[in-house]
Structures are given as structure tokens and as C-alpha cells.
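Residues take their numbers from the sequence shown, with the count starting at 1. Indexing begins at 1, ligand by ligand and atom by atom, following the structure's order.
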Amino acid sequence: MKGCNESRLTLQAAKWGATLQQWQDAAWQMRHACCSVEDFERVLNLTPREHSALQQVGKRFDVRVTPHFLSLIDPKDEDDPLRRQVVPQPEELERHPEELSDPCGEQQDEKAPGLVHRYPDRVLLLCTDRCATYCRYCTRARMVSGKGSERWRLDWEGALKYLREHTEVRDVLLSGGDPLLLADEKLDAMLGELRSIPHIEFLRIGTRVPIMLPQRITPALCAMLRRHAPLWISIHCNHPRELGEDAERALGMLADSGIPLGNQSVLLRGVNDSAEVQRALVHRLLQCRVRPYYLYQCDPVVGTRHFRTHPQEGIDIISALRGFTSGYAIPQFVIDAPGGGGKVPLNPNYVVAEDPGRILLRNFRGDIYEYPVTPQV
Ligand SMILES: *Cc1c(COP(=O)(O)O)cnc(C)c1O
């Protein structure tokens with residue numbers, strides 16, 4: 001098995017003029033990420049639309065794709081669902097009336113630069129503005145990659161001061177950008193300082209690195225993360241083909257380090273907007289020891305109309321999963337309400353009617369059952 005994997009990787013590396021050792025080095029992957037028309041043309045036949053988009057979008061939001069993720073794309077398929085997430089289309093340059101640069105209204109809940117406190121007991125900390133690969137539907141394109149209208153800034157001392165004073169905060173979510181792009185020492189120091197605040201019970205990291213740059217998941221990183229338990233990780237994966245052998249190995253290393261893993265995916269037109277793809281995705285995630293956590297409606301970010309589905313499609317996908325597969329496989333479908341309302345769950349309606357003595361329920365097959373309601377004293 002190992003030998004077979006090694007020869008596959010050696011072949012992959014050779015296509016890039018690299019040795020196996022170079023291919024497996026995260027720094028090499030980052031240095032060789034595709035950013036320009038010339039870079040992409042070495043590996044994909046760009047369509048005229050992609051070619052034109054690539055020449056223009058960089059002013060607004062950087063383009064960057066790791067060789068690892070590019071190697072998962074079928075170069076013969078112009079509509080490959082992985083390609084669609086990372087290679088820009090001209091629609092990205094459009095701006096529609098419903099679109100916003102900060103769709104989740106994070107700026108208004110910022111308590112110190114980089115610290116967003118919206119919910120009663122937990123905060124979001126934006127640790128960096130860099131990712132291994134930039135997703136074209138990024139909800140934080142206003143700051144991620146450093147090209148947008150807002151400069152990313154983290155006032156670390158200010159954030160620590162706020163957190164020490166706000167004893168109601170028991171959960172800190174590190175996101176960005178991608179926190180796993182920070183050097184081990186830096187991340188270790190940040191996690192350690194957060195851990196030393198007595199009322200903070202629980203840390204989590206939101207990252208797409210196991211998918212985009214699995215080479216970054218090293219034994220040293222895992223050993224460091226393990227020391228900060230309880231630490232949970234939410235990955236971001238949208239399509240079952242993102243979970244190849246390399247991502248699976250990286251996720252296995254994290255799981256073996258005692259880190260519970262969840263997945264947040266975005267429902268995207270032409271990527272994963274069918275029950276079949278979603279079913280294959282959640283099953284593959286469970287095989288990789290990752291519990292599906294959220295399925296997000298695509299935020300109305302500027303330049304993402306071509307990705308957005310109708311909210312009913314997400315509800316229909318949940319209906320197609322619930323009851324038909326393992327409960328562990330079913331994410332919560334949510335809309336992050338524009339204007340800072342936060343995450344709102346959307347569910348199929350299983351309550352058909354209600355009166356004082358009973359409720360009528362619809363099961364997953366559409367059959368109706370009656371539940372007797374005990375009178376409440
Ligand atoms: C998503 C989010 C969180 C975490 O929410 P959970 O539902 O607990 O995963 C916290 N703060 C902000 C601002 C968020 O957007």
C-alpha cells in the first residue's frame with residue numbers, strides 16, 4: 001500500500017519537475033503554488049473565460065492554488081467541481097445589488113482588531129489573512145490575501161486583554177485566513193496564551209490546510225496541537241474528491257493526536273449542489289474520521305452570484321440525507337444572516353400539525369405519525 005502510494009506521488013512530483021521529497025514539503029508546495037496565467041497554463045488548458053478572469057481578478061483578490069490541490073483536478077474537465085472553486089471566472093468581477101463586501105457583518109462586532117465577539121460565550125479570532133489556496137467564494141475576500149478593501153490587522157495584546165476581562169468567553173475559534181499557515185512556534189505561543197486564561201475552556205481552529213496543503217500536517221505540528229487539548233479542528237471540504245489519500249493521511253494524523261474533527265462546507269452551484277455529491281461527501285468525511293458540522297448557504301459576497309443556490313436546495317439536500325443515512329453524517333444547514341444576525345439553522349419541517357393533545361409528524365419517507373402529548377401541569 002505504502003509503496004503504491006509512493007509511486008503515485010513520485011509520478012505526480014515528476015510532472016512538476018520535483019522530487020518526491022520536494023513534493024511532500026509544505027514550503028515547496030507554497031513556493032510553487034499557481035498564481036498567474038503562465039503558472040496555470042503549465043498544468044491546465046485555460047478556457048478563454050478563465051484566461052481573461054485570471055488577468056483581472058488579482059487586483060481584488062489574489063489567486064493561489066497549491067500543486068497538491070491542482071493535482072486533484074481533472075484537466076480534461078472544464079467544469080471540474082474542484083477547478084470551479086479555485087480558478088476564477090469572469091463573473092467574479094460583477095457586482096450585484098444583493099452583494100456585500102462584509103456579508104456576515106463581522107466589522108460591527110469587532111471588539112479589538114481581529115477579534116469578533118457576536119455570540120454570548122464564544123469569539124472568533126482572525127489570526128492571519130493568508131491561505132494555502134484562495135477559494136473564489138471566500139466570505140472574507142474583503143481582507144483575505146491582502147488585496148481587498150479592508151486591511152487585516154490583529155491586535156494580539158488588545159485581544160488578550162479583552163478575553164481576560166470577559167469571563168463569559170469560554171470558547172475561542174481561531175480562523176482567518178488559515179491559522180495552520182502560521183509557524184509552529186507562533187501558533188504554539190498563541191494557543192498557550194489563550195490556554196492560560198482560566199475561563200477559556202475550549203479552543204478550536206478553522207482550517208482548509210488538510211485539504212489544500214496536507215503536507216503541512218507534520219508529526220511536529222500534531223504533537224504541538226495535542227499539548228493544547230481540548231482543541232477541536234473544523235476543516236473545510238466541499239467535494240468528496242478533495243479527500244484523496246494525502247488528505248486522508250493528514251486527517252488521520254490529527255485524529256490520532258486526539259483532535260476531534262468537524263467539517264464546514266459551503267453549498268456551491270456546480271460544485272456540490274446535489275444530494276448525490278453531498279451524500280458521497282459526508283460518507284467520505286466519516287471514513288476520514290471527520291464529522292460533518294455545518295453546510296453553509298453561500299454568503300452574498302461581492303462577485304459570487306454564479307455560486308449561489310436557492311436556500312430551498314439546501315433544505316432539500318438535508319431531507320435527502322436525514323433518515324436515509326447515518327445521523328453522524330448529517331450537517332446542520334445554516335444561513336449566516338447578512339447584517340450580523342449570525343448563523344440561522346434551516347431545517348426540513350417534520351411537524352405537520354399540532355393541537356393540545358397531539359402533534360402530527362412526518363417521517364423521512366413522508367409517512368405521517370401521531371405523537372400523544374402528555375398534558376403539562
Ligand atoms: C461561526 C461563528 C462562531 C462559532 O459559531 P458555532 O455555531 O459555535 O460554531 C463564533 N463567532 C462568530 C463571529 C462566528 O461567525
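For the pair Tyr294 and ligand 1, the shortest N or O to N or O distance falls below 3.5 Å. Polar contact check, Arg204 against ligand 1: a nitrogen or oxygen pair lies under 3.5 Å apart.
Residue Val116 has at least one heavy-atom neighbour below 4.0 Å for each of these atoms of ligand 1: 13 (C). In the vicinity of Tyr293, heavy-atom distances shorter than 4.0 Å reach the ligand 1 atoms 6 (P), 7 (O), 8 (O), 9 (O). Interface of Leu124 with ligand 1, defined as ligand atoms under 4.0 Å from a residue heavy atom, comprises 11 (N), 12 (C), 13 (C).
In terms of modelled atom types and a separation under 3.5 Å, the side chain of Gln278 and the main chain of Asp273 share no donor-acceptor contact. Of the possible polar contacts, one joining the Glu99 side chain to the Arg305 backbone as a donor-acceptor pair under 3.5 Å is found.
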Q: Would you please test Glu157 and Lys161 for salt bridge (Lys or Arg N to Asp or Glu O under 4.0 Å) and show each step?
A: CA-CA 6 Å; Glu157 290 307 323; Lys161 180 169 181 291; over 6 Å; no
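Ranked by closest heavy atom to atom 3 (C) of ligand 1, the top entry among Arg122, Arg118, Lys343 is Lys343.
Other residues, nucleotides and ligands place no more than 12 heavy atoms under 6.0 Å from the OH atom of Tyr371. Shown here is Arg42, whose CZ atom has no more than 12 heavy atoms of other residues, nucleotides or ligands within 6.0 Å.
His51 has its side chain within reach of Val37: a pair of non-hydrogen atoms, C-beta onward, lies under 4.5 Å apart.
In terms of protein heavy-atom proximity, atom 12 (C) of ligand 1 is nearest to Tyr119 CE1, 3.7 Å.
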